[in-house]
Amino acid sequence: MIEADRLCRIAHWARSLEPHAFERVQAEMIERRYPAGTTICEFGERFDYWAGVTTGLLTMRALSRTGKEVTLAGIHAGAWFGEGTLLKKIARQYDIVALRPTTLALLDLETFLWLFENSAAFPRYLVVQINERLGQFIAQVEIDRRLDTTSRVARALALLVNPTLYPDAGDYLDITQEELGQLAGVSRPTANQAVKQLQELGVLRAEYGGITIRDLDRLRAFGEDREL
DNA sequence: ACATTAAATTCGA
DNA sequence: TCGAATTTAATGT
């Protein structure tokens, strides 16, 4: 049984649930911690939970045909993921790896499907979420195509402050340059240079162990579609 | 890869 | 429980 105020803190979508749905979620949700480096779920495995990141940072990645690891999305505290595979009842199409010690809130498949059928608010929320994530995947493909490393890092950052997926996020991002490099697909020193450059442009402020976004619009617009 | 700096932890009072 | 000393983590080049 999870406390009501805690549930509201870790699951923004729960706040708009009808009371009967809220209570069921309260009863069924569990939390689990994972050390840094843990593979939480591997490609092809069943992982029958809808999961939210309570603390920490995850990456969703797939192996391309050439064997290169491709980051599909960085996921940090506040985000919920996995609805696609749950609704289709299939195995995961990607690996989920904890980049640092991470706590997940988990909702089992049965409860998830029950919510989908028995709450009016929940499917509405899911549509918005899925739509937003679709946009993210498209943006992520672009990160990998882009040559210019500063734009890659800027894009990777922009994905982490998406206000739809992270409605509670402030302008401070708890992320190291090492982690940012992994999400952007660049080395740590390269990420460092990119962060420095973005700082000089006034887009963000680099801090020890984190980054403060100063100008979200310019971060978003950074290196906006050139050619495809 | 190495030097620097910030933070976290340990330890002695 | 305070703070100085040490170790670990993150950053800058």
Side-chain angles (χ1 to χ4, degrees), chain A residues 6 9-10 31-42 51-63 66-79 81 94-105 136 139-140 142-163 165-224:
Chain A
R6 171 152 186 86
R9 236 177 312 118
I10 64 183
E31 291 195 77
R32 202 175 285 169
R33 10 189 62 253
Y34 298 89
T38 314
T39 299
I40 292 163
C41 171
E42 272 183 289
V53 180
T54 308
T55 60
L57 181 67
L58 304 177
T59 174
M60 284 172 56
R61 53 166 78 126
L63 222 49
T66 58
K68 186 187 155 214
E69 294 256 308
V70 180
T71 298
L72 299 177
I75 302 170
H76 69 125
F81 64 93
Y94 42 78
D95 299 329
I96 299 171
V97 179
L99 288 182
R100 68 167 101 140
T102 295
T103 311
L104 292 186
Q136 284 222 330
Q140 184 70 43
E142 261 202 77
I143 286 178
D144 293 328
R145 283 189 197 183
R146 213 168 272 286
L147 300 173
D148 157 46
T149 54
T150 303
S151 325
R152 286 175 67 140
V153 171
R155 276 292 174 101
L157 267 175
L159 295 186
L160 291 177
V161 291
N162 179 319
L165 261 24
Y166 301 101
D168 297 333
D171 53 1
Y172 178 75
L173 253 181
D174 191 12
I175 190 172
T176 66
Q177 296 178 3
E178 164 78 47
E179 292 163 339
L180 183 56
Q182 293 194 57
L183 296 181
V186 301
S187 71
R188 204 269 303 160
T190 306
N192 175 263
Q193 290 304 306
V195 166
K196 209 178 83 181
Q197 201 175 333
L198 290 167
Q199 175 166 254
E200 277 158 15
L201 291 167
V203 172
L204 54 77
R205 187 172 57 239
E207 272 147 67
Y208 187 85
I211 281 167
T212 299
I213 306 297
R214 306 204 67 123
D215 189 339
L216 182 53
D217 291 338
R218 275 176 64 212
L219 179 68
R220 282 252 170 68
F222 203 90
E224 199 83 335

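Nothing here was measured: the structure is a model prediction, and the numbers come from that model. In what follows, chains are A, B, ... by sequence order, proteins preceding strands, each numbered from 1.
Rounded to a whole Å, the CG atom of A:L57 is 16 Å from the C1' atom of C:dA9. Spacing between atom CD of A:Q197 and atom C1' of C:dT13 amounts to 15 Å, rounded to whole angstrom units. For the pair A:E178 CD and B:dA1 P, the computed distance is 13 Å after rounding to whole Å. Whole-Å rounding puts the A:Y208 OH to C:dT11 P distance at 7 Å. When rounded to the nearest whole Å, the span between CZ of A:R100 and C1' of B:dA8 equals 16 Å. If you take CZ of A:R205 and P of B:dA6, they are 15 Å apart, rounded to a whole angstrom. Atom-to-atom, CD1 of A:I211 to C1' of C:dG12 comes out at 14 Å; the value is rounded to the nearest Å. C:dT11 atom P lies 8 Å from atom CZ of A:R188, rounded to whole Å.
The nucleotide whose nearest atom lies closest to any side-chain atom of A:P189 is, among C:dG12, B:dA1, C:dA10, B:dA1.
Annotation: A:R9, atom CZ; neighbour count of heavy atoms from other residues, nucleotides and ligands within 6.0 Å is above 12.
Residue A:K196 has no polar side-chain atom (N or O) positioned under 4.0 Å from OP1 or OP2 of C:dT11. OP1 or OP2 of C:dT11 has not a single side-chain nitrogen or oxygen of A:N192 nearer than 4.0 Å. Considering only side-chain N and O atoms, A:Q193 lies nowhere under 4.0 angstrom from the phosphate OP1 or OP2 of C:dG12.
As judged by a 4.0 angstrom heavy-atom cut-off over every strand, A:E207 is placed among residues touching the sugar-phosphate backbone only.
No side-chain donor from either of A:T71 and A:Q182 sits under 3.5 Å from a side-chain acceptor of the other.
Put simply, the side chain of A:D174 does not reach to within 4.5 Å of the side chain of A:H76, judged on heavy atoms.
Taken to the nearest 0.5 Å, the CG atom of A:D95 stands 6.5 Å off from the OG1 atom of A:T39.
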